[in-house]
Amino acid sequence: MAKLVAQNHPALHQIAEEVAVDDITTPKIQKIIKDMTSVLKNCPRGVAIAAPQIGVPLRIFEVYENTTDKTDQERRIPDMVVINPRIVKVSKKKEEKEEGCLSIPKLYGKTFRHTKVTLRGYDENGIEFERGASGYLAHIFQHETDHLDGVLYVEHAHETWEADENYERA
């Protein structure tokens, strides 16, 4: 069974490899996606996970709507798998965002993120797509893409702090 890897795991500090488009629908890649889903669904506060977070250095991330308040429109996000993602457009405007990471439990920080991005990649069926995002989803796209580039948010956070399991993000 797949598990989250710790902050010092090598897969979290290297540039992940692209998945060959012809391999996306293979049992190997589909199993990695299934493992990511399983790990993410067992993280009560998790909303997204990148393959390196389970020790697999491939360019795959997954977003899972795992919010407790389904009426909070800012936090509503679509379930999606993104393979070989590339952020192809960003807004000039950035905002300070509070950030956490499944691989660095109990540590939070403040970073600056673009308010809008456009992402291009492939879904779990090998279909190429492009998707614009703003707000929370744009933030997630940037955080997960950083994972695939071997960057953890704490490397560019301008403030970090420890919090217990009852901590509620802003």
Side-chain angles (χ1 to χ4, degrees), residues 2 4-21 23-24 29 32-33 35-37 39-41 43 45-67 74-105 107-158 160 169:
L4 281 173
V5 298
Q7 178 181 356
N8 61 353
H9 193 282
L12 293 174
H13 301 280
Q14 68 186 58
I15 297 174
E17 294 180 28
E18 287 210 355
V19 176
V21 176
D23 291 345
I24 291 173
I29 300 302
I32 292 167
I33 294 167
D35 287 347
M36 291 169 60
T37 302
V39 170
L40 185 57
K41 285 185 177 183
C43 295
R45 296 177 146 211
V47 295
I49 190 168
Q53 290 182 274
I54 62 166
V56 177
L58 292 175
R59 296 189 76 78
I60 305 170
F61 75 75
E62 182 174 334
V63 179
Y64 171 64
E65 184 179 19
N66 193 12
T67 56
E74 168 65 9
R75 299 281 185 193
R76 286 188 67 88
I77 51 175
D79 294 348
M80 66 174 66
V81 172
V82 187
I83 301 169
N84 299 337
R86 289 186 329 273
I87 293 177
V88 296
K89 187 176 180 184
V90 297
S91 63
K92 288 181 182 179
K93 183 179 177 188
K94 289 184 172 185
E95 289 181 344
E96 183 179 70
K97 296 288 186 177
E98 194 170 296
E99 211 159 313
C101 180
L102 298 174
S103 295
I104 314 171
L107 189 67
Y108 294 86
K110 290 185 179 179
T111 63
F112 285 93
R113 296 289 188 181
H114 297 279
T115 58
K116 296 179 182 179
V117 300
T118 301
L119 182 84
R120 187 176 297 146
Y122 293 87
D123 69 13
E124 66 274 23
N125 299 309
I127 307 298
E128 189 173 24
F129 70 93
E130 188 169 289
R131 161 112 197 207
S134 61
Y136 192 46
L137 188 57
H139 180 181
I140 290 168
F141 284 174
Q142 292 167 84
H143 178 102
E144 299 307 321
T145 303
D146 276 356
H147 270 302
L148 304 180
D149 291 335
V151 176
L152 298 175
Y153 83 91
V154 293
E155 295 170 32
H156 55 83
H158 59 87
T160 60
R169 281 181 4 123

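Heavy-atom basis, side chains included; hydrogens, waters and symmetry copies ignored.
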* Work out which heavy atom in C101 is nearest to a heavy atom in Y153; give both atom names and the distance. => CB-CE2, 3.7 Å
* Can you find a side-chain donor-acceptor pair between Q53 and S103 that sits under 3.5 Å? -> yes
* **Taking every non-hydrogen atom, the tightest pair across S134 and K116** => CB-CG, 3.8 Å
* **Separation of F129 CZ from I83 CD1 (nearest 0.5 Å)** => 9.0 Å
* Structure fact -> dist T111:OG1 -> H158:NE2 (nearest 0.5 Å) comes out at 7.0 Å
* To do: Give the minimum heavy-atom separation between I54 and V5, together with the two atoms involved.
  => C-CG1, 3.8 Å
* Within the distance-only criterion (no hydrogens, no angle test), does the side chain of H13 pair as donor or acceptor with the backbone N or O of Q7 below 3.5 angstrom? -> yes
* Check whether any side-chain heavy atom of R113 sits under 4.5 Å from a side-chain heavy atom of H156, and report yes or no. => yes
* Asked: Hey, what do you get for CD (E62) to OG1 (T37), rounding to the nearest 0.5 Å?
  -> 3.0 Å
* Counting N and O atoms only, with roles assigned by atom type, does the side chain of R59 sit under 3.5 Å from a partner on the main chain of L148, one being a donor and the other an acceptor? -> yes
* **Flag side-chain contact, heavy atom, 4.5 Å: V90 against F141** => no
* **Heavy-atom side-chain contact between P105 and L4 under 4.5 Å** => no
* Asked: Given side chains that start at C-beta, do those of D35 and V56 come closer than 4.5 Å, heavy atoms only?
  -> no
* Between P52 and P57, what is the shortest heavy-atom contact and its length? -> CG-CA, 4.4 Å
* Counting only heavy atoms not in E17, do more than 12 sit closer than 6.0 Å to its CD atom? -> no
* **Spacing of E98 atom CD and K110 atom NZ [to the nearest 0.5 Å]** => 6.5 Å
* Asked: Any sub-3.5 Å donor-acceptor pair from E18's side-chain atoms to N84's backbone N or O?
  -> no
* Side chains of V19 and I32: closer than 4.5 Å at any heavy-atom pair? -> no
* Asked: Looking at side-chain heavy atoms only, is the closest gap between V82 and V63 below 4.5 Å?
  -> no
* With rounding to the nearest 0.5 Å, note down the distance linking CD1 in I29 to CD1 in I60. => 4.5 Å
* To do: Would you check, one step at a time, whether the test side chain to side chain contact (heavy atoms under 4.5 Å, CB included) holds for L152 with H147?
  => CA-CA 6 Å; L152 298 175; H147 270 302; 3.4 Å; yes
* Asked: Distance from Y108 atom OH to T160 atom OG1, nearest 0.5 Å?
  -> 13.0 Å
* Is a salt bridge present between D123 and R131, judged by a nitrogen-to-oxygen distance below 4.0 Å? -> no
* Are any side-chain N or O atoms of D146 and backbone N or O atoms of V151, one a donor and one an acceptor, separated by less than 3.5 Å? -> no
* Asked: Going through the checks in order, is the side chain to side chain contact (heavy atoms under 4.5 Å, CB included) test met by E99 and I140?
  -> CA-CA 9 Å; E99 211 159 313; I140 290 168; over 6 Å; no
* Begin with the C-alpha distance, continue with both residues' side-chain angles, and end with the deciding distance and a verdict on side chain to side chain contact (heavy atoms under 4.5 Å, CB included) for T145 and V117. => CA-CA 12 Å; T145 303; V117 300; over 6 Å; no
* Closest non-hydrogen atom pair, L12 against A6 -> CD1-O, 3.2 Å
* Asked: For the residue pair H9 and G55, what are the closest heavy atoms and their distance?
  -> CE1-CA, 3.8 Å
